[in-house]
Amino acid sequence: MLARVRGHIWGVTHALVVENLVKRYAPGRPPAVDGLSFTLTAGTTLGLLGGNGAGKTTTIAMLLGLLLPTSGRVVALGHDMATDRFAALARMNFSSPYISLPHKLSVRENLKVYGHLYDVRGLDARIARLAEELQLTDFIDRPAGDLSAGQKTRVALAKALINTPALLLLDEPTASLDPDTGDWVRTRLERYRDETGCAILLASHNMAEVERLCGHVLMLKQGRVVDQGSPNDLIARYGRDDLEQVFLDIARGTRAEALA
Ligand SMILES: Nc1ncnc2c1ncn2[C@@H]1O[C@H](COP(=O)(O)OP(=O)(O)OP(=O)(O)O)[C@@H](O)[C@H]1O
C-alpha cells in the first residue's frame, strides 16, 4: 500500500541515492558524468538541468540500469542497482522522447504489453483509467505510429504511469506539447506525486516547468554539478528574475558577473 506521506514511501525515505557516479564512454575521453552525487526524497521532484551534452540522458540511463556506470553507486527504492535492479525496476518507470513505442500496435495494445511486462493487476481497468485521465480515449485503438507528437507524448506518460511507479524518471516529459496541454500534463504529474508519494527526477529544458515542479535543482555542466538549490534560492542568489537567466549565466560562464 502507498504511504501517502511526503518524504516516505514503502518504508524508504530516499527514493534514490546516487553516490559518486561516473560514466566514461571511452578511455582517454572526458567522462560524460563525472562524480555525480545526490539524493531524491519520496514525494518530491528533483530537476536535472544542463545544456546539450551535459550528461542528463547518460545519468538517467545509468539510474535505470540501461548503462553500466564506470564507477559509483545507485540505490533505488532501497535496492542497489548493481546487484538487485529488478526489484527496483518493478516500481520504477520512465518517459523519454528518444524511445518510441512499437508504432504498428494500437495505443491500447502498447499499454497492454507494458502492463504485462510490469505484471499490473486489473490491467484493463488501469488502462481505462489512464485513458480517461490523460485523454487518450479518442485514439486508443489507433496505431501508435499514426499519432501526432503531442498525442504520442501523452501515451508515453500513460506508459510511464502504468505500474503506479514509486520512482519516475522523466526526460523532457512535455516536449512537443502546446502550452495548454503541457500545463495540463504538469498538473497531472503534480497530482500523481502528491497522491502517491512518488519521487520524480525531471530532466527538462523548459525552465518554467522546472520552476513549477521542482523543489530542488541540480545544474550540470560537463557531467558535474556546478550549482544547486531550490529554484527560488538560485534566482535570488544570482540576482535574476527567473531560472532561465540563471541557466544562461551558468551555461555562458557569466556566473561571477551575475554575482558581482
Ligand atoms: N553512446 C555514447 N557513446 C559515446 N559518447 C556518448 C554516448 N552518449 C552520449 N555520449 C556523450 O556523452 C556526453 C553527454 O551526453 P548526454 O546525451 O548524456 O547529454 P544530455 O545532457 O542528455 O544532452 P541533451 O540535452 O543534448 O540531450 C556528450 O558529450 C555525448 O557526446
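Start at 1 and go down the list; that is how both ligands and their atoms are numbered. Values in this document were obtained by computation on a predicted structure and should not be read as measured data.
Of all heavy-atom pairs between Asn20 and Ser37, the closest is N-OG, 2.8 Å. Pairing each heavy atom of Leu40 with each of Ala199, the nearest pair is CG-CB, 3.8 Å. In terms of heavy atoms, Leu189 sits closest to Ile200 at O-CD1, 4.2 Å.
Taking any N or O of Ala32, backbone or side chain, none lies under 3.5 Å from an N or O belonging to ligand 1. Remark: ligand 1 and Thr59 share no N or O pair separated by less than 3.5 Å (distance only, no angle test). Between Gly55 and ligand 1, a contact under 3.5 Å exists for at least one N or O pair.
The same ILVMFWY cluster, assembled from side-chain heavy atoms under 4.5 Å apart, contains both Leu234 and Val226. Leu68 and Phe94 fall into different hydrophobic clusters, where Ile, Leu, Val, Met, Phe, Trp and Tyr side chains are chained together by heavy-atom contacts under 4.5 Å. The hydrophobic clustering, which links ILVMFWY residues whose side-chain heavy atoms are closer than 4.5 Å, places Ile140 and Leu123 together.
Near Ala54, the atoms of ligand 1 lying under 4.0 angstrom from a non-hydrogen atom of the residue are 19 (O), 20 (P), 21 (O). Of all the atoms in ligand 1, the ones that sit under 4.0 Å from a non-hydrogen atom of Gly51 are 21 (O), 25 (O). For ligand 1, the atoms closer than 4.0 angstrom to any heavy atom of His205 are 25 (O). Less than 4.0 angstrom separates some heavy atom of Asn52 from each of these atoms of ligand 1: 23 (O), 24 (P), 25 (O), 26 (O).
With hydrogens left out, the protein atom closest to atom 25 (O) of ligand 1 is Lys56 NZ, 2.8 Å, a heavy atom. With hydrogens left out, the protein atom closest to atom 1 (N) of ligand 1 is Tyr25 CE2, 3.6 Å, a heavy atom. The nearest heavy-atom contact from the protein to atom 18 (O) of ligand 1 is Thr58 OG1, 2.5 Å. Among all protein heavy atoms, the one lying closest to atom 27 (O) of ligand 1 is Tyr98 OH, 3.3 Å. Atom 23 (O) of ligand 1 has Gly53 N, 2.8 Å as its closest protein atom, hydrogens excluded (heavy atom only). In terms of protein heavy-atom proximity, atom 17 (O) of ligand 1 is closest to Thr57 CB, 3.8 Å.
Salt bridge annotation for Arg24-Asp34: absent, with no cationic side-chain nitrogen under 4.0 angstrom from a carboxylate oxygen.
Here the side chain of Arg154 pairs a donor or acceptor atom with the backbone of Gln135 at under 3.5 angstrom.
Arg29 counts as a contact of ligand 1, since one of its heavy atoms falls under 4.0 Å from the ligand.
For the residue pair Asp227 and Tyr238, a side-chain donor N or O sits within less than 3.5 Å of a side-chain acceptor on the partner.
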